[in-house]
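One structure is given below, encoded as structure tokens.
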There are 2 protein chains.
Amino acid sequence: MTDLTRSLLDAAAALLAAHGSRGLRMVDVATRAGVSRQTVYNEFGNKETLVRAVALDKTDQFLAAVRDRLASAEDPLEGLHAAMVFVFTEAFRDPLTKSVFTGANAEDMLPLVTTRGHEILTASATVFASHLTTHWPDVPEDRRGLVAETAVRLAISHLLTPSGDAPAAVVAVTRALLA
Amino acid sequence: MTDLTRSLLDAAAALLAAHGSRGLRMVDVATRAGVSRQTVYNEFGNKETLVRAVALDKTDQFLAAVRDRLASAEDPLEGLHAAMVFVFTEAFRDPLTKSVFTGANAEDMLPLVTTRGHEILTASATVFASHLTTHWPDVPEDRRGLVAETAVRLAISHLLTPSGDAPAAVVAVTRALLA
DNA sequence: GTCTTTACAAAATCGAGCCTTGTGTAAAGC
DNA sequence: GCTTTACACAAGGCTCGATTTTGTAAAGAC
């Protein structure tokens, strides 16, 4: 990825978080990145593609960070905990990430969510299943997929409709998984 | 509940499912129920109250039916299965019920969903927790709440973003709970 | 007494026309 | 490879009546 692409994605992400996809203007993306509007078109073709690229980028960054947290500790349980803490703090901190994963603010963020719900779900579940494979041999192979999907579904559910604060959500998901 | 109230709720529910809350007209509710528009106002005061009453009614009907299924068999596992089958067939059959529980079609159904997510969650979890208490003594008391909430969250998650068809969702939720 | 009919004010919605803004494309220049 | 300028065109607002719908009120019918 070129520096230009990177700065355009960052600029677009910031504006997207502030004004929604409806209120996003290509001129503003260009100005914020210090380039001309035409350059944005050379790079992404059109607005829809740009918005989708931001969503893709956010997803990748977020899942990479989750993967890091999962692998951050020797003890797999500790890794799981670190990952869950990250998921909830980050999703509450960054409204754009939250929108991508939960479909919140469907009003402003429609293009981020449309039909990608299932895609996001399986991508996230794959990350988690891979962690189970390498760090959690107790989980039998034939249950790995289900456990991973359940973890992701529960996490997303707690993002969408929280029962309590972020730490409470971490506890709830973790305990549910360890049943 | 009077017969009048009942038929007004049914008429409103049908029209709501067909045209959304935005396209719902009080005259049509009246006509469909065979009464005058004024009678609708005498009964519900205004449109917003009527729509909320329909949502409340749908919730009650649905949870009562779930409760029946849970208690339908001697074997608690069989009851759980029957309830899950009902949840998924019914939610896919009746778009209005699905909207109430998942917030789908937020466009047309806004008043049904607004801020009621948590309320619906706890109401449903309570129904399930009560089933655990009476039919499933294996679950220790201090885990009952968590198990119930997890069951509901997973079910709603599968309604919102299905991995497969309805039977597959039933299997996924059931197996996740029995882990 | 409960529901209907009729009447009416206030608010929301709609459609047409117009103007402004933003998108997307193209070409010439640095 | 990026900028500047220019332009066609579609989308979004805005205004202004006309219409529809909401919500209230009163008088009458079963």
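Each chain gets a letter, A, B and so on, in the order the sequences are listed, and its residues count up from 1. Everything numeric in this text was worked out from a predicted model, so none of it was measured.
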Quiz item: If you check the A:S36 side chain, which of D:dG23, C:dT23, D:dT3 turns out closest?
Solution: D:dT3
Exercise. For the side chain of B:V35, starting at C-beta, report the closest nucleotide among D:dC2, C:dT4, C:dG24.
Key: C:dT4
Would you tabulate the nitrogen or oxygen pairs shorter than 3.5 Å linking the protein to nucleotides 8-15 of chain C?
none

Exercise. Please work out which of the three classes, parallel, tilted or perpendicular, describes the rings of A:F101 and A:F62, given edges at 30° and 60°.
Key: tilted
Quiz prompt | Separation of C:dT25 C1' from A:E43 CD (nearest whole Å) | solution = 17 Å
Quiz prompt | Atom pair distance, as rounded to whole Å: OH in A:Y41 and C1' in D:dA6 | solution = 15 Å
Expected rows: protein N/O vs nucleotides 25-27 of chain D N/O, under 3.5 Å:
{"residue": "D:dA25", "atom": "N6", "partner": "B:Q38", "partner atom": "OE1", "Å": "3.3"}

Exercise. Figure out the CG/C1' separation between B:D28 and D:dT20, and round it to whole Å.
Key: 12 Å
Quiz item: Hey, what's the ring geometry for A:H131 with A:F128, parallel, tilted or perpendicular (30° and 60° as the breaks)?
Solution: tilted
Practice problem: Looking only at side-chain atoms of A:N42, point me to the closest of D:dT3, D:dT22, C:dT4. | Solution: D:dT3
Quiz item: Touch check for B:G34, heavy atoms < 4.0 angstrom, all strands: base, sugar-phosphate only, or nothing?
Solution: sugar-phosphate
Quiz item: Given atom CD of B:E48 and atom P of D:dT21, what is their separation to the nearest angstrom?
Solution: 20 Å
Practice problem: Could you check how far CG of A:L50 sits from P of C:dT23, rounded to whole Å? | Solution: 10 Å
Identify all pairs in which a protein N or O lies below 3.5 Å from an N or O of nucleotides 28-30 of chain D, and state each distance.
none

Exercise. Using atom CZ of A:R25 as one end and atom P of D:dG13 as the other, report the distance to the nearest whole Å.
Key: 12 Å
Exercise. Using the salt bridge (charged side-chain N to carboxylate O under 4.0 Å, His left out) rule, take A:R6 and A:D10 through it: C-alpha gap first, then chi angles, then the decisive distance, then the call.
Key: CA-CA 6 Å; A:R6 178 75 266 142; A:D10 290 342; 3.0 Å; yes
Self-check item: Over 12 foreign heavy atoms within 6.0 Å of CG, A:D3
Solution: no
Practice problem: Round to the nearest Å and state the distance from A:D3 atom CG to D:dC2 atom P. | Solution: 11 Å
Quiz item: A:M26 has an atom CE; how far is it from atom C1' of D:dC2, in whole Å?
Solution: 16 Å
